[in-house]
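Data first, discussion second: the structure below is written as structure tokens.
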Amino acid sequence: MNKISIVPCSFRLLSVGYYAELIETNGRDRLLCQGRKLHAHLVTSGIARLTRIAAKLVGFYVECGKVTDAKKAFDGMPKRDISGCVVMIGACARNGYYQESLGFFGEMNKEGLKLDAFMIPSLLKASRNLLDQEFGRMIHCMVLKCSFESDAFVVSSLIDMYSKFGEVENARKVFNDLAEQDLAVFNAMISGYANNSQSDEALNLVQDMKLLGIKPDIITWNALIAGFSHMGNEEKVSEILEIMCLDGHKPDVVSWTSIISGLVHNFQNEKALDGFKQMLAHGLYPNSATITTLLPACTTLANVKHGKEIHSYSVVTGLEDHGFVRSALLDMYGKCGFISEAMILFRMTPKKTTVTFNSMIFCYANHGLSDKAVELFNQMEAKGEKLDHLTFTAILTACSHGGLTDLGQKLFLLMQNKYRIDPRLEHYACMVDLLGRAGKLVEAYEMIKAMPMEPDLFAWGALLGACRNHGNMELAKIAAERLAELEPENSGNGLLLSSLYANAGSWESVVRLKKMIKKKKLRRFPGSSWVDDKVS
DNA sequence: ATCTTGTTTC
């Protein structure tokens, strides 16, 4: 791979848009080092304080993940000019520093700087990604107040945000209110429909835009592919691929990643791996999104061989440094039983996120290393890392697997009282399992009865398992009957129930159940492990 | 200077 020499192209370093490319080919650390040298030069020559130069430095530092340095460069500006703020807010929003982006806007507001149309799209993007509906709506109000609603950039961001919130109708309203929709606005609306399982509506919009003389581009086609692929409509995807080719657009990495993503989402993991091979055969190279999409397919199939190949590729191309890729790798090794590999990846991750921690806690929990899981959970709390519902699913799983009954109960309350997370089905299932394993069958049943939603098969299954282990026939019958209702197609439940009835001498019920099983042509699948252990 | 396509943990 050719390394771009940075010093001769220092001017490019300061040019927004080239950072990503430079980082990909030079590595973040090397780029940052060169950037700092250049910054020093700019300071000594006295031009670092020029507004335009300082704005570029701000963008550069955010792109390298150094928000604090960016802020310093910004504060070095002689006067707080609006374009500097636009760069700061935009650079933060583009690089995943959403909270920082909105926080910075707040500061700017306090200082009485005027709202600028150029920063609206970035603020909407940050609200969208934080799922902060309140903030997003507030920005929308400001848009109306300042009469920015005829700005196509603003409108496409609004459409995108409302679609992400699941409010397609609101997105459509904003779309309709715009006098002249351009390509990006259409694309935003099309992808809005596609991401909300309304791909046919998205397809209609493509016809509308063609009638207006706007030609669909690769983004339009990819949005459609993503929509239909996610819905599992493989024929429609092939159809779109044909149409786009006739239209002069070749499928690119994004198209293929969307196809692979849809297949993984619809449990077609083998097909997803095939799709990846096809993509390679077309001469396209996977990027971080492709890798992150594909790794879960290897994980589900427990295909460590492919997983390791992808890992090697990621190391060679530097994609291993990507946050999403890293957590997908960690999860893959963890789920496939390679705990030490998972631990190494965890240790090697400089910027650990909630997902990183969650994956590692799940790994410990699922391998019976409860103490390690608890240790990590405590670290997370001590570091002030954001804990989410999955953090608690993971730690409660660890508690139930490790017999840490008291701790589990304590954490179940902590989750609700301190972190304001409403327990979901999986949390209740963990608690039923936890109590059940400890022999507290009545308490486990009480937990199920206290659930504000309909208990699912995992809750009843956990209770049934516990009843079997601790010999409580009455509760077992209740649990087994609920299970049979919830999951009549799973013959395992029926068979378990029938053996329970048989033991209790209720043969009439056994006959009834066996008839039901036969009628539904249910068969019992032999238990098997999918872990591919033929890998060294 | 700002916008629209694909992305990890249940």
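Reminder, nothing fancy here: chain letters follow the sequence lines and each chain counts from 1. What you see is a predicted model, and the numbers here were worked out from it, not measured in a lab.
Put simply, CZ on A:Phe346 is 17 Å from P on B:dT9, counting in whole angstrom units. Computed from coordinates, the A:Leu263 CG to B:dT7 P distance equals 13 Å when rounded to whole Å. The CG-P distance, from A:Leu183 to B:dT5, rounds to 12 Å in whole Å. A straight line from CZ of A:Phe148 to P of B:dA1 spans 18 Å, rounded to a whole angstrom. Counting to the nearest Å, the P atom of B:dG6 and the CE atom of A:Met244 are 14 Å from each other. If you take CE of A:Met279 and C1' of B:dG6, they are 11 Å apart, rounded to a whole angstrom. Rounded to whole Å, atom P of B:dT5 lies 15 Å from atom NE2 of A:His230. Rounded to a whole Å, the CG atom of A:Asn129 is 12 Å from the C1' atom of B:dT7.
Taking the charged nitrogens against the carboxylate oxygens, A:Glu375 and A:Lys372 have no contact shorter than 4.0 Å, which rules out a salt bridge. A salt bridge links A:Lys71 with A:Asp75: the closest approach of a Lys/Arg side-chain nitrogen to an acidic carboxylate oxygen falls below 4.0 angstrom.
Considering only the side chain of A:Val355, B:dT8 comes nearest among B:dG6, B:dT2, B:dT8. Out of B:dT9, B:dT2, B:dT5, the shortest distance to the side chain of A:Ala223 is found at B:dT5. If you check B:dG6, B:dT8, B:dT2 against the side chain of A:Pro296, the one that comes closest is B:dT8. In the set B:dC3, B:dG6, B:dT8, the nucleotide with an atom closest to the side chain of A:Ser156 is B:dC3. The side chain of A:Ser359 lies closest to B:dT9, out of B:dT2, B:dT8, B:dT9. Relative to the side chain of A:Asp116, the nucleotides B:dT2, B:dA1, B:dT5 differ in distance, and B:dA1 lies closest. Comparing B:dC3, B:dA1, B:dT7 against the side chain of A:Ala184 picks out B:dC3 as the nearest. Candidate nucleotides B:dA1, B:dC10, B:dT7 were compared by shortest atom distance to the side chain of A:Ser83, and B:dA1 ranks first. Nearest to the side chain of A:Leu390, among B:dT2, B:dG6, B:dT9, sits B:dT9. Checked against B:dT4, B:dG6, B:dT9, the side chain of A:Asn358 finds its nearest nucleotide in B:dT9.
Residue ring and base: A:Phe324 does not count as stacked with B:dT7 (centre distance below 5.5 Å and interplanar angle below 30° not both satisfied). You can call A:Phe153 stacked on the base of B:dT2; the centres are under 5.5 Å apart and the planes sit within 30°.
Interface remark: the A:Asp252 side chain does not form any donor-acceptor pair with the B:dG6 base, using a distance-only criterion of under 3.5 Å. No donor-acceptor contact under 3.5 Å links the side chain of A:Ser157 to the base of B:dC3.
Between A:Thr293 and B:dG6 there is no side-chain N or O to OP1 or OP2 distance below 4.0 Å. Contact between the side-chain N/O atoms of A:Lys352 and the OP1/OP2 oxygens of B:dT8 is not found at any separation under 4.0 Å. The phosphate of B:dT5 has neither OP1 nor OP2 within less than 4.0 Å of any side-chain N or O from A:Asn195.
In this structure, A:Phe392 has its ring center at least 6.0 angstrom away from the ring center of A:Phe412.
In this structure a side-chain-to-backbone donor-acceptor pair under 3.5 Å is present from A:Ser101 to A:Ile89. Judged by distance alone, with hydrogens and angles left aside, the side-chain atoms of A:Asp247 form no donor-acceptor pair with the main-chain N or O of A:His249 at under 3.5 Å.
In this structure, A:Ile120 reaches neither bases nor backbone, as no heavy-atom distance under 4.0 Å exists between it and the strands shown.
The CG atom of A:Leu387 lies 8.0 Å from the CG atom of A:Leu414; values are rounded to the nearest 0.5 Å.
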